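Right, one structure below, let's go through it.
Small disclaimer: the values here were computed from a predicted structure and weren't measured.
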Amino acid sequence: MASNSPASRFEEILDDSLSDLPNSAFSTAETTSYPSYPWNPGNQYIPRPMFPRTPDVFSTLPILRDIHTTPTSVEQDKTCSKVLPLLSSRENPLPHLNRAAHIMFLETGIDGGKLPDYMTALDAARPWIVYWCLTGLSMLGVDISQYRYQVISTFTPIQNSTGGFGGGHGQMSHLAPTYAAVLSLASVGADALSLIDRRALLRWLHSIKNPNGSFTVCVGGETDVRGIYCALTVISLLRLPTDSDLLENTTEYLASCQTYEGGFAATSGGNEAHGGYTFCALAGLCILHPPSKLPEIIDMDALLRWLSARQYAPEGGLSGRTNKLVDGCYSTWIGGCWALVEAALRCGGSLWSREGLIRYILAATQSSKGGLRDKPGKGPDFYHTNYILLGLSGVQYYHYFDESAMVEGGEGEGLPLLTPFRWKWRKEVPGCEVLVTGFEGWPEKRQGDENEHEERGMKGDRVAVAHPVFNIRSEFVEEVEKWAEGLVGF
């Protein structure tokens, strides 16, 4: 090759630029890892490698579009216009989980500081704020046992002598805050559940049980599947006896709430199918029965159609109802249904796009100031942060039901509900060797990273594993089971 050829001249330029750099530029002691050739921090002429291209399904609008414009379609287009640039970014289409910022955000809700004035509207939901913040922090790897004293001192005065917990001081017992209080106490150390007057709680549950199988959320209150799920969770975790018709007709009532669409409504009688109620109904049925019995109880084909239609492209996120926009909280309310359905069908794999939800969560729901949100343009809050993190946990793990270890407490037999303690999990998702196209090794490591980043005991973007029915860390449920086995009498 001639010495004055363009190729040889280019090599001379590269050699000269590299020779001007200090030896430290090539030190092997550098802690920062870089992708292998061709990019090198010492060579300014070769650019940094670009991130893998986002698949077309998450980066382009659908080919078929309805030409009839409605308020719903206008809002859908607005959402896509905000989400698409994030998903298809060539700078970083899959941002890392901003663990430190999200931890700081959640700690503001539980560390004793003054909450924003607008949150006075949640005065009757104090146990929920505690639950959202505790569970979100635990998903991120924080040791929340440090909050044990605060949690116990918070819930002691709002437990009523008649049984159950109110939403705040002097408020009547309600199933929703009772559920949140029980999960919070279970999360800071299972023996904290000894605070609860189980006898009074059982009497109260009997007082709000309806002959049709449902529960009212409080004395004189409304009835819906949310209340049933909260009641069944409390009954199961606290190992309460189920005699005296406590569960009579409950399975039948839950099944009657399935609509013609396939999802579940708040009550029976023609209401609209909704993601939150669908999760509550399915999780409630999975407390009463092993998931393999679901096909005998409900219309699984219709449920599959409806659930599949809740995931949108190109967003990849999940919606709660037909013709509604994606919302980060449905990462749990819809995303959480899939673990129960997959176990019911024993499919041994994934029936939905985990990749789509992963991309939506990391690219579209993270606030730069910490916390997670419904969608771009919305602000973060404790509720969305918690349920999005639970949803992120759901896509990272594979849950299955161990029928060989099952001891089911049947309706009318008076036995505790032990079925939900038989769920198992593993990191590997059958049929999904790579969860995100182009990002091999995610969530713990990404291709090209020589060093694994670990924070709070979690590698990379990994979060803790959550129980698919109870929505707290699986290890907390295991601790509750051991605590309950040590109970003597009732």
Side-chain angles (χ1 to χ4, degrees), residues 175 209-215 223-236 242-243 245-310 332-348 351-352 399-424 467-471:
L175 275 172
K209 171 68 191 317
N210 298 316
N212 66 358
S214 65
F215 289 80
T223 294
D224 56 41
V225 296
R226 170 196 52 156
I228 298 175
Y229 166 64
C230 290
L232 292 175
T233 295
V234 168
I235 292 168
S236 180
T242 58
D243 52 2
D245 301 327
L246 183 61
L247 304 179
E248 185 177 16
N249 296 323
T250 299
T251 294
E252 291 77 8
Y253 185 85
L254 287 173
S256 72
C257 293
Q258 187 173 22
T259 75
Y260 73 94
E261 288 186 277
F264 287 75
T267 60
S268 60
N271 292 322
E272 183 181 14
H274 185 281
Y277 295 124
T278 298
F279 176 84
C280 288
L282 291 177
L285 289 171
C286 286
I287 294 175
L288 292 167
H289 308 282
S292 59
K293 286 195 174 182
L294 289 184
E296 303 173 18
I297 300 171
I298 61 176
D299 185 341
M300 292 297 293
D301 290 340
L303 176 62
L304 280 171
R305 288 194 299 270
W306 185 81
L307 280 178
S308 299
R310 300 283 64 75
T332 289
W333 302 130
I334 293 293
C337 291
W338 282 113
L340 310 180
V341 169
E342 289 165 357
L345 298 177
R346 301 175 182 175
C347 63
L351 295 175
W352 60 298
H399 294 89
Y400 62 97
F401 188 81
D402 184 5
E403 299 206 20
S404 66
M406 188 193 68
V407 179
E408 183 183 3
E411 293 184 14
E413 298 176 5
L415 299 176
L417 297 173
L418 303 180
T419 301
F421 295 97
R422 304 299 171 251
W423 285 89
K424 308 294 182 183
H467 192 280
V469 172
F470 294 134
N471 282 334

**OP:** Please test M300 against V341 for side chain to side chain contact (heavy atoms under 4.5 Å, CB included), starting from the C-alpha separation and ending with a verdict.
**Re:** CA-CA 8 Å; M300 292 297 293; V341 169; 3.9 Å; yes
Which distance, rounded to the nearest 0.5 Å, do you find between the [atom1] of [X] and the [atom2] of [Y]?
| X | Y | atom1 | atom2 | result |
| --- | --- | --- | --- | --- |
| E248 | N212 | CD | CG | 10.5 Å |
| F401 | H289 | CZ | NE2 | 11.5 Å |
| H274 | R226 | NE2 | CZ | 11.0 Å |
| S268 | E252 | OG | CD | 12.0 Å |
| L303 | I298 | CG | CD1 | 5.0 Å |
| Y277 | T259 | OH | OG1 | 13.5 Å |

Just wondering, do [Y] and [X] contact through their side chains at under 4.5 Å, heavy atoms?
| X | Y | answer |
| --- | --- | --- |
| R422 | P290 | no |
| L285 | L340 | no |
| N471 | T233 | no |
| L254 | F264 | no |
| I287 | I235 | no |
| W423 | P291 | yes |

For [X] and [Y], work out which heavy atoms get closest and say how close.
| X | Y | answer |
| --- | --- | --- |
| V469 | C286 | CG2-CB, 4.3 Å |
| K209 | S214 | CD-O, 3.4 Å |
| W306 | E261 | CB-O, 3.5 Å |
| G284 | Y229 | N-CD1, 4.1 Å |
| C257 | A266 | SG-O, 4.3 Å |

Ignoring hydrogens and geometry, is there a side-chain-to-backbone donor-acceptor pair from [X] to [Y] under 3.5 Å?
| X | Y | answer |
| --- | --- | --- |
| T267 | D224 | no |
| E342 | L351 | yes |
| Q258 | D299 | yes |
| N249 | P211 | yes |
| S236 | L417 | yes |
| H467 | P420 | yes |

**OP:** Apply the test side chain to side chain contact (heavy atoms under 4.5 Å, CB included) to residues F215 and L246: give CA-CA distance (whole Å), side-chain angles for both, the deciding distance (0.1 Å), then the verdict.
**Re:** CA-CA 10 Å; F215 289 80; L246 183 61; 4.0 Å; yes
Subject >> Plane angle bin for F470 and F421 - parallel if under 30°, tilted between 30 and 60°, otherwise perpendicular >> reply: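 Plane angle between 30° and 60°, so tilted.
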**OP:** Determine the sole option in T242, I228, L247 for which the side chain to side chain contact (heavy atoms under 4.5 Å, CB included) test with L288 is passed.
**Re:**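 Only one option passes, and that is L247.
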